[in-house]
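Remember, it's 1-based here, ligands and their atoms both numbered in the order they're listed. Just so it is clear, the structure is predicted and the values come from calculations on it, not from any experiment. Basis for what follows: all heavy atoms, side chains included, without hydrogens, waters or symmetry-related copies.
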Amino acid sequence: MILVGVSLSVLVLAGCKPIPPPTPLAQLNEQQAHGHDVFQSHCGSCHNDRRNGALNGPSLRGTFKKEYLPSGAPANDERVVSTIRFGRGMMPPMAGTMDSGDLDDLMAYLHTL
Ligand code: HEC
């Protein structure tokens, strides 16, 4: 208990608030659940979604609960959609790999992380 208190205050002092956990998979609506499937087939090989820690790319846990993306760009839909469409650095452009319905569902899922 004391240890938990101490580490929480360290986080707060460091100005890095603990972010709330992702919505449990069992509580996702139909669109978000389909977005989870799209994530697993298109993104999961390079990104963690439900836990921290980088794979090929940074973890996407809490993407929209933070102010900035790992690159320092603002964490908003526009930036994330364009990263998915056009790629970034070692991340390939993925515009051609999914239709706009899949992209919308994926975005709905990313908002639950
Ligand atoms: C082949 C591996 C790979 C795949 C597949 C991939 N990514 Fe990435 N992603 C990366 C890498 C590497 C980076 C870091 C790019 C950089 O900043 O140089 C990245 C960065 C990102 C970022 C952060 C951008 C920023 O501005 O910091 C987001 C958001 C992202 N990816 C989302 C996704 C989503 C959503 C998918 C699935 C549609 C996906 N990625 C698929 C490798 C991948």
Considering heavy atoms of the protein only, find what lies nearest to [atom] and give residue, atom and distance to 0.1 Å.
atom                    : value
atom 38 (C) of ligand 1 : Cys43 SG, 2.8 Å
atom 5 (C) of ligand 1  : His42 O, 3.3 Å
atom 11 (C) of ligand 1 : Gly57 CA, 3.6 Å
atom 41 (C) of ligand 1 : Met94 SD, 3.5 Å
atom 23 (C) of ligand 1 : Pro70 CD, 4.0 Å
atom 12 (C) of ligand 1 : Asn56 O, 3.4 Å
atom 32 (C) of ligand 1 : Leu60 CD1, 3.6 Å
atom 22 (C) of ligand 1 : Thr83 CG2, 3.9 Å

Test item: [X] and [Y] side chains (from C-beta on) under 4.5 Å apart, heavy atoms:
X     : Y      : answer
Met90 : Asn56  : no
Phe64 : Leu110 : yes
Gln32 : Thr23  : no
Leu69 : Pro58  : no
Met94 : Arg85  : no
Arg88 : Pro93  : no
Pro74 : Glu67  : no

Would you call [X] a ligand 1 contact, heavy-atom distance under 4.0 Å?
X     : value
Thr97 : no
Thr63 : no
Arg79 : no

Any side-chain donor-acceptor pair under 3.5 Å between His111 and Asp77?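 Looking only at side-chain atoms, Asp77 and His111 do form a donor-acceptor pair, the distance falling under 3.5 Å.
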Would you kindly say whether Tyr109 and Asp49 are connected by a side-chain donor-acceptor distance under 3.5 Å?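 Looking only at side-chain atoms, Asp49 and Tyr109 do form a donor-acceptor pair, the distance falling under 3.5 Å.
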Using a 4.0 Å heavy-atom threshold (strictly under), name the region of Leu106 that reaches ligand 1: side chain, backbone, both or neither.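 Near ligand 1, Leu106 shows its side chain, while the N, CA, C and O stay back.
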Give a yes/no answer: is there an N/O/S atom of Met91 under 2.8 Å from atom 8 (Fe) of ligand 1?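 It does: Met91 brings an N, O or S atom closer than 2.8 Å to atom 8 (Fe) of ligand 1.
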Heavy-atom nearest option to [atom], drawn from [options]:
atom                    : options             : answer
atom 20 (C) of ligand 1 : Met90, Arg88, His47 : His47
atom 26 (O) of ligand 1 : Ser71, Ser45, Ala54 : Ser71
atom 14 (C) of ligand 1 : Gly89, Pro58, Cys46 : Pro58

Heavy-atom closest contact (Phe39 atom, His47 atom, distance):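 Minimum heavy-atom contact is CZ-O, 3.5 Å.
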Quick check against the 3.5 Å criterion: does Asn48 have a side-chain atom that pairs as donor or acceptor with the backbone of Arg50?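 Judged by distance alone, no pair lies under 3.5 Å.
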Ligand 1 atoms in contact with Met98 (distance to a heavy atom under 4.0 Å):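 It comes down to these atoms of ligand 1: 38 (C).
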